[in-house]
Amino acid sequence: MVDGAPSSDDLLEQGLKALADLLGPGWAITPLPEDEGLRAVDAMVEVRAQGDTSAARLLVNLKSSLTPRAVEERLAPTMALLLRVYPGTTPVLMTPWLSPSARSALRRHGIGYLDLTGNVSLEVSHPAIVIRTDGATRPPRGPAPERTRTTLAGAKASRLVRILADVRPPYRALDLSHHTGLSLPYVSRLLDVLTDQLLVRRKGRDITDVDWPELLRARAAHDVLLRRGEHVGTLAANGVPFTLGRLRDQARSDDVALTGSYAARRIAPVSAGGQLMLWVGPGRDIDELAEHLGLLEVSENADVILLRPPDPVVLDRSAVNGDGLRQVALSQLVLDCLSGPGRMPAEGEAVLEYMAAHEDEWRARSIAKRKPLP
């Protein structure tokens with residue numbers, strides 16, 4: 001393997017040790033001698049419970065990395081063929097780290113997995129083994145392969161993610177470049193990554209489908225809403241209801257928009273309380289706005305958070321809600337909640353469920369009518 005990843009032998013050794021730790025001392029794990037006819041997998045491993053005459057056999061495949069596309073197009077067909085040759089065995093993938101979407105693809109095809117961060121899924125009927133643990137949702141730090149250096153991190157990626165979520169296909173990379181203001185080479189590279197992750201599907205040059213819920217989750221996993229130095233904590237001196245009343249005076253302005261728990265609760269109420277969060281555009285003086293809203297800056301116990309957007313796309317498609325308050329677009333609300341603290345990720349998931357049930361209400365049907373971002 002490359003880029004500092006363990007060698008195949010080390011990966012197998014570490015993977016089997018992790019499996020042994022999960023099973024406990026009452027189990028024996030034994031790698032079997034290499035089978036000349038078994039070239040499509042890296043190892044056959046026998047797992048036996050103490051005092052049990054029967055044993056499970058695992059077909060172990062070792063990978064330095066794996067995309068959902070590789071699961072669908074290569075690994076799953078190969079394992080399906082091997083299971084016909086070796087019936088009764090259980091396919092297992094071992095790797096340093098698996099993305100949530102890759103894990104989902106493996107489970108969909110009945111392939112077990114174990115990564116070195118603790119993401120494990122293994123089901124064997126006899127002897128009975130059921131293991132499911134969650135490890136890292138983000139890859140361990142370290143140099144990335146050339147293919148994956150373009151990622152969903154950063155403000156540029158958020159532009160592409162928002163338009164992919166907010167507008168139904170079909171469209172092409174050139175359309176996305178024009179409407180986001182991003183360079184065509186960058187858009188093409190990121191689309192290649194998203195295609196490997198099965199977040200985007202293409203036919204020729206045309207993007208034909210976008211898995212927008214998983215795309216929003218994947219983008220949020222690369223972000224942290226309350227980054228140090230990019231927000232101001234304040235206290236509503238006259239109470240939050242007073243601040244909300246003053247906010248209604250700002251509804252016509254498109255550079256102040258509600259996000260977070262207060263916005264999510266109106267869409268899909270799952271909890272009470274939480275901080276009032278506002279995105280404030282770069283052209284608006286935060287001190288002046290705070291004075292108008294009756295806010296006092298504090299270093300702790302803030303009940304109103306003022307955030308500066310890293311990119312204008314954050315405020316794109318904001319609209320006035322039924323309470324007379326301007327709030328961010330649903331896709332931005334999900335990104336903010338999923339990357340936020342406390343209960344906010346659960347609120348983001350609730351908004352996602354609402355969006356899935358009301359897609360015709362918020363998702364544009366054509367990119368042609370979309371106004372390009374500045």
Side-chain angles (χ1 to χ4, degrees), residues 155 158-159 162 166 225-227 229-344 347-348 350-351 354-355 358 361-362 364 369-374:
S158 68
R159 287 191 165 218
R162 282 288 310 278
D166 287 347
L225 179 63
L226 300 181
R227 291 185 184 277
E230 296 181 5
H231 67 279
V232 177
T234 67
L235 185 68
N238 299 307
V240 171
F242 173 85
T243 298
L244 290 172
R246 285 296 182 92
L247 268 177
R248 291 185 178 90
D249 300 338
Q250 306 289 317
R252 292 185 179 181
S253 173
D254 61 1
D255 61 356
V256 178
L258 185 67
T259 190
S261 298
Y262 275 78
R265 191 154 53 243
R266 191 179 186 281
I267 303 298
V270 295
S271 63
Q275 295 169 313
L276 182 66
M277 294 184 176
L278 302 172
W279 285 110
V280 183
R284 178 62 71 94
D285 186 292
I286 278 194
D287 292 336
E288 182 181 295
L289 177 66
E291 182 179 357
H292 175 75
L293 298 178
L295 304 176
L296 301 175
E297 185 172 346
V298 294
S299 58
E300 57 184 22
N301 299 322
D303 54 13
V304 181
I305 304 293
L306 304 179
L307 304 107
R308 282 295 195 191
D311 188 273
V313 73
V314 168
L315 293 165
D316 184 49
R317 300 186 78 195
S318 65
V320 179
N321 64 26
D323 295 329
L325 300 167
R326 179 171 290 276
Q327 71 177 47
V328 295
L330 291 181
S331 56
Q332 184 63 46
L333 177 58
V334 166
L335 291 173
D336 293 342
C337 287
L338 291 181
S339 61
R343 297 179 301 239
M344 288 182 65
E347 293 168 336
V351 175
Y354 172 88
M355 292 170 68
H358 301 83
E361 298 177 13
W362 62 269
K369 298 181 181 180
R370 171 89 176 198
K371 182 180 178 181
L373 288 168

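It should be emphasised that the depicted structure is a prediction, and the values quoted were computed from it without experimental measurement. Each residue takes its place number in the sequence, starting with 1.
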query = Considering only heavy atoms from C-beta outward, does the side chain of Val304 approach that of Leu235 to under 4.5 Å?
reply = no
query = Can you check whether Leu315 reaches Asp254 side chain to side chain, under 4.5 Å on heavy atoms?
reply = no
inquiry  = Does any part of the side chain of Leu276, heavy atoms only, come nearer than 4.5 Å to the side chain of Leu258, both counted from C-beta?
reply    = yes
request  = Verify, without hydrogens or angle tests, whether Arg317 (side chain) and Trp362 (backbone) share a donor-acceptor contact under 3.5 angstrom.
outcome  = yes
ask   = Within the side chain of Arg370, is there an N or O that forms a donor-acceptor pair under 3.5 Å with the backbone of Ala364?
value = no
request  = Would you indicate whether the side-chain heavy atoms of Gln332 and Ser158 approach each other to under 4.5 Å?
outcome  = no
query = Looking at CZ of Arg284 and CG of Asp255, how far apart are the two atoms once the value is rounded to the nearest 0.5 Å?
reply = 4.5 Å
query = Under a 4.5 Å cut-off applied to non-hydrogen side-chain atoms, are Leu335 and Val328 in contact?
reply = no
request  = Determine yes or no for a side-chain-to-main-chain donor-acceptor pair under 3.5 angstrom, with Asn321 supplying the side chain and Gly324 the backbone.
outcome  = yes
ask   = Would you find a donor on one side and an acceptor on the other, under 3.5 Å apart, between the side chain of Asp323 and the backbone of Leu325?
value = no
note = When every non-hydrogen atom of Pro309 is compared with those of Pro282, the smallest separation belongs to CG-CD, 4.2 Å
ask   = Do Leu333 and Arg266 pass the side chain to side chain contact (heavy atoms under 4.5 Å, CB included) test, and can you show the C-alpha distance, the side-chain angles, and the key distance before you say yes or no?
value = CA-CA 12 Å; Leu333 177 58; Arg266 191 179 186 281; over 6 Å; no
key: Nearest heavy-atom neighbours spanning Leu225 and Gly340   = CB-CA, 4.0 Å
note = On a heavy-atom basis, the closest approach of Leu295 and Ala236 is CD2-CA, 3.8 Å
query = Out of curiosity, Met277 CE to Asp303 CG, how far, rounded to the nearest 0.5 Å?
reply = 11.5 Å
ask   = Given the rule in the side chain to side chain contact (heavy atoms under 4.5 Å, CB included) test, do Arg308 and Ile286 qualify, once you have shown the distances and angles that lead to the verdict?
value = CA-CA 9 Å; Arg308 282 295 195 191; Ile286 278 194; 3.4 Å; yes
request  = Measure the spacing between OG1 of Thr259 and CD1 of Ile305 and express it to the nearest 0.5 Å.
outcome  = 12.0 Å
inquiry  = Measuring from atom CG of Leu293 to atom CD of Glu288, what distance do you get when rounded to the nearest 0.5 angstrom?
reply    = 10.5 Å
Nearest-0.5 Å distance, SG of residue Cys337 to CZ of residue Arg343 = 11.5 Å
ask   = Any side-chain heavy atom of Leu226 sitting closer than 4.5 Å to one from Leu307?
value = yes
request  = Give a yes or no answer on whether the side chain of Arg246 reaches the backbone of His292 with a donor-acceptor pair at less than 3.5 Å.
outcome  = yes
Any donor-acceptor pair under 3.5 Å from Arg326 side chain to Ser318 backbone = yes
task = Could you check if a side-chain atom of Ser261 sits within less than 4.5 angstrom of a side-chain atom of Gln275, using non-hydrogen atoms only?
result = no
Short side-chain to backbone donor-acceptor contact, Arg162 and Val313, under 3.5 Å = yes
Student check: side-chain heavy atoms of Asp316 and Lys371 closer than 4.5 Å = no
